[in-house]
Structures are given as C-alpha cells and as structure tokens.
Number of protein chains: 2
Amino acid sequence: MREWEISEWADDFQPVFWAAKRALTQAAEAAFAGHGVREGQQFVLLCLWREDGLPPGEIARRLGLATPTVTRTTSRMEAAGLVARRPHPTDARLVLIHLTERGWALRETLNAEARKLSERALHGLDADERREFVRMLDVLRRNLAEG
Amino acid sequence: MREWEISEWADDFQPVFWAAKRALTQAAEAAFAGHGVREGQQFVLLCLWREDGLPPGEIARRLGLATPTVTRTTSRMEAAGLVARRPHPTDARLVLIHLTERGWALRETLNAEARKLSERALHGLDADERREFVRMLDVLRRNLAEG
DNA sequence: CGAAACACGTTAGGCGGCTAACGATCAGGT
DNA sequence: ACCTGATCGTTAGCCGCCTAACGTGTTTCG
C-alpha cells in the first residue's frame, strides 16, 4: 500500500489543526462573551492595556492584522463601551483608540478568564510539553510568514 | 512582527496559537485560491472524495461544523461548479451533495497542494516532533470539546 | 508656493464560522 | 386517518478575517 493511499493528505496535520482552531475559537468566545467581549477583541484589549491611545494602523501592525479589521473591531468595541475614538492632537489623519473605564476594569477579569481557558486547553500536558507546543506553533507561524 | 513579550497572560499560548492559526489560514487560502477552491472548502471536498453523495447534515457531522455552514459553503461550491445538489430518492427532506467532474478532477492537484503546504508549515520539525505536535493539537481539541 | 507623492482611516464586499428561527417532510401514537 | 413531534435544509443576521477602492490630510519636491 503506497503512502498516498493510506490517507488523502500526506499527514492529517491540517484537519487536526483546523479542528483544534475551531474548538479554541469557540471556547474563547464562550469564555469572554459573558463579559461583553467577543473573540478577537481580547487581543486588541491586550494591546491597549500595554499601551493605551494607539491608532488603528499601529494596533494592526502590532497584532499582525489588516487595518480594516481593526477599524471595524474597534467600532464594535466602541459601541460596546470598551474603547473611545479621539482625534490626534497634531496629525488630523490619525485616530487614537483609548480604553474606557470599562475597558480598564475588565483587565484582571479577562486575564483570569484567559488563564482558565489556557489551563483547560492544555490540561494533561506538562510544562515541558507546553513549552514545546508553543515553540512549534511559533515555528509554524514563522514558516508561513511571507516577507 | 516580533512584538510578543506578553506578560499579561499566564503564558503566551493563546496569542501564539492565534497568530499561527491566521498564518495557516492565509497560507491555505493562497494555496487553494488558484484552483478556485476557498479555505474551508477543502475539507468538504476531502469528505466527499471519501464518500460522495452525502447530505449537508452528515457532512457537518463528520467535519464537526454547524449545518448552516455546510449549506452555505456547498452553495458557493455549487456556484463554482465543484458540486451539485440532488434530491434523495426516497426521503424528500434530504439533499445529497455530489461531486462534479471538476470536483473529482481536482483531487490529486489539491492533495499535492496540501502536502506542499504542510511541508512548508512544518519545515524544521522532524517526524517525531510532527507526531507530537499533531497529538498535542488533538489533546487541545478533546479538552475543549463539550459534551 | 503649489502640485504630486505619500500616509492614514474608513467603506464596500467577500468568505468562513456561529446561533436562532422558519418551512417542509417523515414517522408514531391515538 | 390524523395530529403531534422529530428531523432536515435553508434563511437571516452577527462576528472575525481579508483585499480593493476611496477620501482626506500631510509631506516632499520642483
């Protein structure tokens, strides 16, 4: 039996990764939804907790996202009362995204929620395995990063 | 991008996974787009190559997706000439998704494309590491699977 | 000093994922 | 035979992600 007859793909890496990705996305959505934060917004918050008052393009650059993604995400977050838009004092092209009190207030809560989620996701893997796992994920990202 | 020295979360597992997931999604999109197949549709094709003529609900069950996702995806694939809808001979509730000639013809091409993508993604990891990686991804999925 | 080149955010539109609600069909119990 | 309850596919609408096109403001250079 030749190898390509055993499984369709050379290995089952892609289906397994795909399934894991959807599982984590859904679990994260469930974990954050109760606090009015949608999956994906947590990384924007993470970014702003580290440095508040960034323009959308800079957030996109730091998170590796396209700028329109950040524009629309922050619009929704603004509607949800998490952030506020303010004009840049000297450069009228720029818009600065600022955390609201509510955005700051969620910091500890969401960090705890994220820790719980990671713990649940990685349950059964010891510290070495977790390190290896994160390392391999990063290898993957670097391998696929263009430019 | 290299901006990830996250100290906010207990570990940086989630951001790294998130970045890897987007990288793989985009790379897969790029790999399949030239053949008129969009990211996500490859798994429906994989499913039908194994067993043609399945109803949407069954495809959803096998792939772990919600039924409406499959309904819409197969609609787009129908418009793209990859599959065709046919009524079930005895049960009028069911719709059977059949591969077209074009859907069958892409089998080897897309498998080759997928192998290339996996090879590129996992470059630098030996066979043992790849097995471990896939195993840990599956642990993750099982840990997060509800029910 | 003015026009071209550049930088920035937004809008428009597409795909992939989801849940909720709807309509149609089949199967079971009375 | 009929009404009830499952089962199935589709529609509608939300969010996350993307690219392309647009409009406005800034910078640069002739």
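Throughout, a chain's letter reflects where its sequence line sits, starting with A, and its residues are numbered from 1.
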Below 4.0 Å: OP1/OP2 of [N] and any side-chain N or O of [X]:
{"X": "A/Gln26", "N": "C/dG17", "answer": "no"}
{"X": "B/Thr67", "N": "D/dG9", "answer": "no"}
{"X": "A/Gln41", "N": "D/dG16", "answer": "yes"}
{"X": "B/Trp18", "N": "D/dG16", "answer": "no"}
{"X": "B/Thr69", "N": "C/dC18", "answer": "yes"}

Return the CG to CZ distance between B/Leu65 and A/Arg22, rounded to the nearest 0.5 Å.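 Here the interatomic distance stands at 4.5 Å.
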Measure the CG-CH2 distance between B/Leu63 and A/Trp18 for me, rounded to the nearest 0.5 Å.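 Taking CG in B/Leu63 and CH2 in A/Trp18, the distance rounds to 4.5 Å.
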Plane angle bin for B/Phe17 and A/Phe133 - parallel if under 30°, tilted between 30 and 60°, otherwise perpendicular: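 A/Phe133 and B/Phe17: tilted rings.
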side-chain hydrogen bond (donor to acceptor under 3.5 Å, both in side chains) involving A/Thr74 - partner list, sequence neighbours excluded: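 Per chain and number, A/Thr74 pairs via side-chain hydrogen bond (donor to acceptor under 3.5 Å, both in side chains) with A/Arg85.
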Kindly indicate whether the side chain of A/Gln41, heavy atoms from C-beta on, has any atom under 4.5 Å from the side chain of A/Thr73.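 Yes, their side chains come closer than 4.5 Å.
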Of all residues at least two apart in sequence or in a different chain, which pass the side chain to side chain contact (heavy atoms under 4.5 Å, CB included) check with A/Ala31?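 A/Ala31: side chain to side chain contact (heavy atoms under 4.5 Å, CB included) contacts with A/Glu113.
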Over all strands shown, is [X] touching base, sugar-phosphate only, or nothing at heavy-atom distances under 4.0 angstrom?
{"X": "B/Arg22", "answer": "sugar-phosphate"}
{"X": "A/Ala66", "answer": "base"}
{"X": "A/Pro68", "answer": "base"}

Where along residues 74-85 of chain B does a heavy atom come under 4.0 Å from DNA chain D, residue by residue in number order?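 Here the set is B/Arg85.
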